[in-house]
Asks: 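Please find one structure pasted underneath; my questions will follow.
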Amino acid sequence: MSTDRPTAIVTGASSGIGEATARRLSAEGFHVVLGARRLDRLEKIAAEIDGTPLELDVTDTESVAAFCEQVQDCRVLVNNAGGAAGLETVAAADEDHWRWMWETNVLGTLRLTKALLPKLVASGDGHVVTVTSIAAQEIYDGGAGYTAAKHAQSALHRTLRGEELGKPVRFTEVLPGMVETDFSLVRFDGDAERAANVYKGLVPLVAEDVADVIAFAVTRPAHVNLDQIVMKPRAQASATRAHREP
Ligand code: 8X3
């Protein structure tokens, strides 16, 4: 996997924001290493962008170790893998949903970042981009499992900004609101009608909008750190307030 291009690693790269980011960073001149569980999808995308597909389950310590061993260098890490499961109230909380959200969003980000920090620093201009959510700043009914995980993921990411201060590594948190990907389909366990209702009557962000912002952040000069970028559709004011056309 030796190449002259700087390496960008994108987790959750088989679809949605991860796929769009992989494509965009490749267009910006990066050699992109795409990680996700669905290797067949990764292989197809990687072939199109001259990237490297590697199987990765961020919830599995051994999978993360095997993934990171195959990566020789790393200039950019995009912690994108994650997601929501369910929309139950706390009174009706599903512990398996909570565990999955904690494992993917929080511990997944921890595992990848911890393993790759030495390589990021060694690159001389490392950059960790973590895709959290407006759910890292807000709470809403039924969302506690997800908002708690996203708050924790954000806290982990922002802590690194101080702990690594003085080293050549930047930290950018991107906090999207509504982005139409398979996020809601996964959250509602494949219920397409329920997922479609989330974006009904408004123009949501698309994965490419988020990829655009990530590309902007990582292509600034090395002394410029964009700490937090909150982005929402124009029609969305908060996690609980959106304007919908009938
Ligand atoms: C997705 C945004 O509002 O559904 O991360 O939590 S929200």
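Computed over heavy atoms, backbone and side chain alike; hydrogens, waters and symmetry mates excluded. Note that ligands are numbered from 1 as they come in the structure, with each ligand's atoms numbered from 1 the same way.
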Asks: Under a 4.0 Å N-O cut-off, is there an ion pair linking Arg5 with Asp50?
Replies: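 Yes, charged N to carboxylate O under 4.0 Å.
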Asks: Any atoms of ligand 1 less than 4.0 Å from a non-hydrogen atom of Ala135? List them with their elements.
Replies: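 Going through ligand 1 atom by atom, the ones under 4.0 Å from Ala135 are 6 (O).
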Asks: Applying the side-chain contact (heavy atoms from CB on, under 4.5 Å) criterion to Val128, which one of Asn79, Thr109, Leu160 satisfies it?
Replies: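 It is Asn79, the one option of Asn79, Thr109, Leu160 that forms the side-chain contact (heavy atoms from CB on, under 4.5 Å) with Val128.
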Asks: If you have a sec, work out which protein heavy atom is nearest atom 6 (O) of ligand 1 and how many Å separate them, to one decimal?
Replies: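 The protein heavy atom lying closest is Tyr140 OH, 2.7 Å.
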Asks: Atoms of ligand 1 less than 4.0 Å from Ser133 heavy atoms?
Replies: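 Listed by number with element, the hits are 1 (C), 2 (C), 5 (O), 6 (O).
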Asks: Within the distance-only criterion (no hydrogens, no angle test), does the side chain of Asn105 pair as donor or acceptor with the backbone N or O of Gly82 below 3.5 angstrom?
Replies: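 A pair under 3.5 Å: no.
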Asks: Quick one: does Tyr146 get an N or O within less than 3.5 Å of an N or O on ligand 1?
Replies: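 In this structure, Tyr146 places an N or O atom under 3.5 Å from an N or O of ligand 1.
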Asks: Only heavy atoms of Phe183, strictly under 4.0 Å: list the atoms of ligand 1 that pass.
Replies: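 Heavy-atom distances to Phe183 below 4.0 Å select 1 (C), 4 (O), 5 (O).
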Asks: Determine whether the side chains of Tyr140 and Ser238 contain a donor N or O and an acceptor N or O closer than 3.5 Å.
Replies: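 No, Ser238 and Tyr140 have no side-chain donor paired with an acceptor closer than 3.5 Å.
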Asks: Should Arg161 and Glu173 count as an ion pair when the cut-off is N to O under 4.0 Å?
Replies: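 Not counted as a salt bridge, because no side-chain N and carboxylate O are separated by less than 4.0 Å.
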